[in-house]
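Below is one structure; the comments refer to it alone.
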Amino acid sequence: MNIAVAAPLPHGPSPHASAGPTPDRAAYDALMQVMAQRSTARRFDPAEYVSDATYRLIIDAARLAPSGANAQPWHFVVVTSSWTKHVMANLLEDAQARRVARGQCAAPIDYSGIETAAGCIVVVTDFRLTWAFPGLMAGTELDQRYHATAERIILQSVSAATTAAHLAATSLGYRTWWLSAAGQDALQAELHKLLDVPEDLTITDIMLFGSVRQEAPKRWKKQIEDIISWDTFDRQNFRSLAQIDAWLADVRSEGPKLPNK
Ligand SMILES: Cc1cc2nc3c(=O)[nH]c(=O)nc-3n(C[C@H](O)[C@H](O)[C@H](O)COP(=O)(O)O)c2cc1C
C-alpha cells in the first residue's frame, strides 16, 4: 500500500463504529492504585521473611504475561538463602567498582541493600527461543537482522513478565527493586556459578522486594501530554539529542525545572 504522508490522514473512528462497553472503572482504579503505589526501594526491613506461598503468588502473575510467539522465554530462581544474597551483593559491588575504575559509572549504587531484601527472584531468560520466530536462519545478513528483532521480542516478553511480578509484589504491600546491572560478562559468569544457571541461559535482572521502614519520595514522571500522540506522531514531543542531554542532566532526577520539549 502506498501511503501519501504529505496529506493529513483522516482522524477519528469510522462513522459505522459504535461506542464499546462502558469501561469498568472499578477494576481500572484498583489496578491504578497498585501502579501508583509501585516505586523503587533500594533498602528494606531486614527482619522480614517471605513465605514460599507468597513467592508463588508473585511468580504466578509473571507466568500469565504475554510473550512473542507465546515463547514464554523465562525462568525465575527464588533466592531464600541470606548467604547467597550476601555473595550477590558483593559480586555487584565488585562489578560496579570495576565500572567506576573504567570511568563507566557516574552514580554508584549501594548494593548492600540486596542483603536487606526479604524477597529475591533472579530472572533468567532463554534467548535460544528466538528460534520460535520462523525465519531462514541461514546466516545471511538479513537473517542476522531478523535475529536481532527476535531478541528484542524475547527481551520485551521477559520485561512483561518481570513487570507483572513487580506489580504483584506491590499489590501484596511490598516495595520492589529492579536490578538489571547484571550484564557484564564477568558478573554473569559469577552469578551463573553461584546459582548454577545453565550456560545457555542469561541472567537478565534481579528482583528484590520487601517492606520499607520509610517510604521514599515518588520519582518524577512525565506528564501524559508529553508522551501521547493521536493518529500520527506529534513532533512537538520529539526531542533533539541536545534536549535529551539537558533533560538527563537536569530534569530527570529532580523534576521539571526546564520545559520538557
Ligand atoms: C529495565 C529496568 C532496569 C533497571 N535497572 C536498575 C539497576 O540496575 N539498578 C537500580 O538501582 N535500579 C534499576 N532500575 C530501577 C530504576 O532506576 C527506577 O525504576 C527508576 O529510577 C524510576 O523510579 P521508580 O521505579 O521509583 O518509578 C531499573 C528499572 C527498570 C525498569
Side-chain angles (χ1 to χ4, degrees), residues 31-44 58 61-62 65-68 73-74 76-77 79 85 88-100 102 104-117 119-125 127 151-188 190-191 202-224 226-227 244 247-256 260:
L31 178 64
M32 277 305 271
Q33 198 182 347
V34 176
M35 301 282 226
Q37 221 171 44
R38 189 211 57 77
S39 68
T40 298
R42 295 191 174 92
R43 188 156 290 277
F44 305 90
I58 292 169
S67 60
W74 45 63
F76 302 93
V77 179
V79 176
K85 284 181 217 167
M88 276 170 45
N90 285 343
L91 290 176
L92 275 129
E93 290 281 4
D94 291 350
Q96 179 168 258
R98 293 196 288 267
R99 286 203 304 278
V100 170
R102 290 197 300 263
Q104 290 175 324
C105 181
I109 284 175
D110 179 4
Y111 288 115
S112 66
I114 294 174
E115 293 185 60
T116 66
C120 177
I121 299 172
V122 175
V123 181
V124 178
T125 302
F127 281 102
E151 274 191 348
R152 282 203 289 272
I153 297 171
I154 295 288
L155 202 52
Q156 288 176 70
S157 305
V158 173
S159 299
T162 309
T163 303
H166 280 251
L167 290 173
T170 305
S171 75
L172 294 167
Y174 296 115
R175 293 295 163 268
T176 67
W177 184 6
W178 184 320
L179 203 46
S180 62
Q184 279 180 23
D185 285 352
L187 179 58
Q188 272 285 317
E190 288 158 345
L191 289 172
T202 304
I203 295 171
T204 350
D205 58 276
I206 302 165
M207 172 183 172
L208 298 146
F209 61 96
S211 299
V212 290
R213 294 203 170 136
Q214 208 179 352
E215 289 285 354
K218 291 273 181 213
R219 287 172 187 87
W220 171 73
K221 300 290 176 192
K222 290 180 178 177
Q223 296 303 302
I224 192 163
D226 297 327
I227 59 166
I244 290 176
W247 182 76
L248 286 175
D250 199 9
V251 180
R252 179 187 51 173
S253 49
E254 295 166 39
N260 187 20

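The first residue in the sequence is number 1, and the count goes up from there. Every number for a ligand or one of its atoms is a count from 1 in the order of the listing.
In terms of protein heavy atoms, atom 19 (O) of ligand 1 is closest to T40 OG1, 3.3 Å. Distance from atom 3 (C) of ligand 1 to its nearest protein heavy atom, with residue and atom name: S180 OG, 3.2 Å. Here the heavy atom of the protein found nearest to atom 27 (O) of ligand 1 is K221 NZ, 2.6 Å.
Heavy-atom contacts of I109 reach the following atoms of ligand 1: 9 (N), 10 (C), 11 (O) (cutoff under 4.0 Å). Which parts of ligand 1 touch A181 is read off a 4.0 Å heavy-atom cut-off, strictly below it: atoms 8 (O). Listed by atom number, the atoms of ligand 1 under 4.0 Å from L179 heavy atoms are 7 (C), 8 (O), 9 (N), 10 (C). Atoms of ligand 1 found under 4.0 Å from any heavy atom of S39 (numbered from 1 in listed order, with element): 26 (O).
Within the 3.5 Å criterion, the main-chain N or O of D110 finds no donor-acceptor partner in the side chain of R43. Not a single donor-acceptor pair under 3.5 Å links the side chain of Q96 to the backbone N or O of P108. Proximity of a side-chain donor or acceptor of Q188 to a complementary backbone N or O of I203 within less than 3.5 Å is detected.
Residue L208 holds its CG atom at 11.0 Å from OG1 of T40, rounded to the nearest 0.5 Å. The distance from the CZ atom of R38 to the NE2 atom of H166 is 8.5 Å, given to the nearest 0.5 Å. For the atom pair CG of D205 and CH2 of W177, the computed distance is 12.5 Å after rounding to the nearest 0.5 Å.
Among all heavy-atom pairs drawn from S157 and G68, the shortest one is OG-N, 3.0 Å. In terms of heavy-atom proximity, A161 sits nearest to A65 at CA-CB, 3.5 Å.
Counting only non-hydrogen atoms, the option in W178, W177, Y111 that gets closest to atom 29 (C) of ligand 1 is W178. Looking at R219, H166, K218 and measuring to atom 23 (O) of ligand 1, the nearest heavy atom belongs to R219.
For the pair R42 and ligand 1, the shortest N or O to N or O distance falls below 3.5 Å.
Only the side chain of R38 comes within 4.0 Å of ligand 1, counting heavy atoms alone; its backbone N, CA, C and O stay farther away.
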